[in-house]
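Shown next, in structure tokens, is the structure this report addresses.
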Amino acid sequence: NNNERAGFDFCSILEISSCTIKISARMDERNMNSIIQMDSEVGQSSAHFGFFDLYDKHSFKQPARTTWIDGWKIEYMAIARPDTLHMTPMVIIGGAFQNFNSYKYCVEQLFDAGPIILIDLPSMGANQQISNVDTGISAGTLELEDLAAMLGRWLDIVGLSQVTVLGMSLGSVVASCLAHQRPELIDRMILMGVMQKTRKSWRMLLEESLHLMKEQRMDEFGQAVILYLVNHAKLEATRMSPTAKRLFFRQMAEFTATEQERYDINCNRLLRLTHVPIPQCKVLVACGQYDSFTLPHENANFALQCPDMEFAMIANADHVPQLQRRKETMRLFATFLRDEPIQSLEGIIPMTRAQLLTMERRGEERIAVQQPFSQLTHRHSDLSFATEIVDLNFFGVLLRFEDGQAERAAQYERDLALTLQDEEGSFQIECLIFEVQDQQIRALLKHGSFDIAERLLRYIQRQKGCLAAIA
């Protein structure tokens with residue numbers, strides 16, 4: 001099963017390695033900052049060709065290679081296949097969390113396009129560094145632009161004058177910043193799960209996950225993060241396996257103190273983000289057809305601003321196509337990197353600039369319900385508000401109130417739960433209020449329970465069935 005073998009991946013793909021080049025920024029005896037030092041273990045287990053290790057079945061079992069720059073650690077893996085070693089190397093920048101081993105079943109398809117560098121910048125991916133070894137300052141002081149600048153310095157240090165870059169989710173922002181800061185380094189670029197500006201409802205989801213983590217509601221936190229990243233309403237289409245989802249949840253729910261701090265650092269980097277620069281190089285913008293975290297129309301809007309772009313959706317995938325449609329996703333990437341046409345690839349939905357301009361913004365239709373009159377109740381008191389459900393879907397709801405009640409309810413933006421009822425009975429789901437207009441409130445449905453998510457899906461299916469019967 002592709003999902004199970006790929007293991008846990010939080011919004012992207014990243015790194016691996018075998019031998020180590022160190023630039024040691026921590027040499028107390030000598031008062032020196034940034035000295036290149038080759039480890040004695042280099043060459044023990046893999047064949048080498050210059051900077052790159054030749055890939056074999058043991059490559060992913062090797063420890064990460066490391067470079068130190070001014071007290072910050074960069075972990076990476078540089079691997080290649082002999083027949084494509086001469087081609088432009090590809091740097092893969094993944095999302096906030098992942099294990100190098102997650103890429104094992106992805107990189108083999110990408111070798112057709114050239115050598116591969118998987119890289120983890122401080123506090124990203126599997127890199128556990130949360131403070132500078134020289135100064136002690138937090139990695140949280142490094143903005144995404146700073147990480148991009150560090151990556152540019154690293155490319156200079158290792159002597160790579162031009163690369164292609166694949167940035168996924170959080171990594172797409174770092175990649176875009178690198179292309180903006182150092183355009184001469186970039187041959188072409190792939191961005192997956194990218195947006196130029198963050199929407200309020202998206203920021204509220206991140207903030208809510210931080211609230212849950214800080215309140216140590218870790219079971220709820222683990223389920224919430226998965227329900228935000230994986231489109232639960234489309235599981236039949238994406239075929240995300242229950243085992244993969246369970247492993248994903250377990251790793252999130254059992255975060256160590258360091259992992260919790262890294263999550264906090266990376267979330268706050270995104271929450272402070274106001275603008276993602278547009279790359280001027282040739283770029284492929286890609287996303288899952290059912291991505292509910294970075295919406296397809298947000299990816300499309302970014303692509304439309306790129307002067308030399310191609311755009312494609314991976315069919316029947318959400319925010320993690322590399323888990324759900326690994327073969328199709330990697331074939332798309334490799335084809336683009338080889339400068340071949342992507343229009344006829346199986347499982348891929350290419351779109352022209354004209355088609356992007358008319359793309360549907362809403363991914364999931366909103367429906368009316370059979371019993372619209374309901375209650376919003378406070379989770380810690382007996383406070384309640386009568387409301388009418390105008391429409392809803394798995395992700396959000398539009399509510400109507402009597403005069404003055406909408407403004408009152410909006411004061412409790414993360415503390416109210418909506419009661420829903422059908423022939424199976426009644427249940428409650430918490431809301432995140434993000435917009436008030438006249439006597440109406442728009443709210444996200446707060447997802448922190450697999451059971452309630454399943455119950456909501458059954459509720460929605462019944463409402464759709466009733467509407468179909470009436471029609």
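By convention here, the first residue in the shown sequence is residue 1.
- Not counting sequence neighbours, R250 has no partner by the side-chain hydrogen bond (donor to acceptor under 3.5 Å, both in side chains) test.
- Here OG1 of T164 is found 12.0 Å from CG of L185. Values are rounded to the nearest 0.5 Å.
- Using a 30° and 60° split on the angle between ring planes, H447 and F394 fall in the parallel class, below 30°.
- Of the candidates T329, D318, N231, Q324 forms a side-chain hydrogen bond (donor to acceptor under 3.5 Å, both in side chains) with just one, namely D318.
- Partners of R366 by salt bridge (charged side-chain N to carboxylate O under 4.0 Å, His left out), not counting sequence neighbours, listed by chain and number: D391.
- Within the model, atoms OG of S169 and CE of M195 stand 8.5 Å from one another, a figure rounded to the nearest 0.5 Å.
- Screening residues 431-442 for side-chain hydrogen bond (donor to acceptor under 3.5 Å, both in side chains), with sequence neighbours left out, gives no hits.
- Just one residue in the list Q428, Q375, Q371 forms a side-chain hydrogen bond (donor to acceptor under 3.5 Å, both in side chains) with T419, and that residue is Q428.
- With rounding to the nearest 0.5 angstrom, the CD atom of Q162 is 10.5 Å from the CZ atom of R188.
- Residue pairs meeting the salt bridge (Lys or Arg N to Asp or Glu O under 4.0 Å) criterion with at least one partner in residues 342-354, sequence neighbours excluded, do not occur; the list is empty.
- Between the CG atom of L121 and the CG atom of L151 there is a distance of 5.5 Å, given to the nearest 0.5 Å.
- For F302, the ring pair (Phe, Tyr, Trp, His ring centres under 6.0 Å) test picks out no residue, with sequence neighbours left out.
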Stepwise side chain to side chain contact (heavy atoms under 4.5 Å, CB included) test for M359 and F311: CA-CA 12 Å; M359 177 181 276; F311 181 90; 4.0 Å; yes
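- Every residue two or more places apart in sequence or in another chain was checked for a ring pair (Phe, Tyr, Trp, His ring centres under 6.0 Å) with F401, and none qualifies.
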Verdict with supporting geometry, E424 and R462, salt bridge (Lys or Arg N to Asp or Glu O under 4.0 Å): CA-CA 10 Å; E424 189 178 334; R462 288 191 181 98; 2.8 Å; yes
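- Screening V397, L398, I441 for a side-chain contact (heavy atoms from CB on, under 4.5 Å) with V390, the sole residue that qualifies is L398.
- For the atom pair CG of L345 and CZ of F336, the computed distance is 12.5 Å after rounding to the nearest 0.5 Å.
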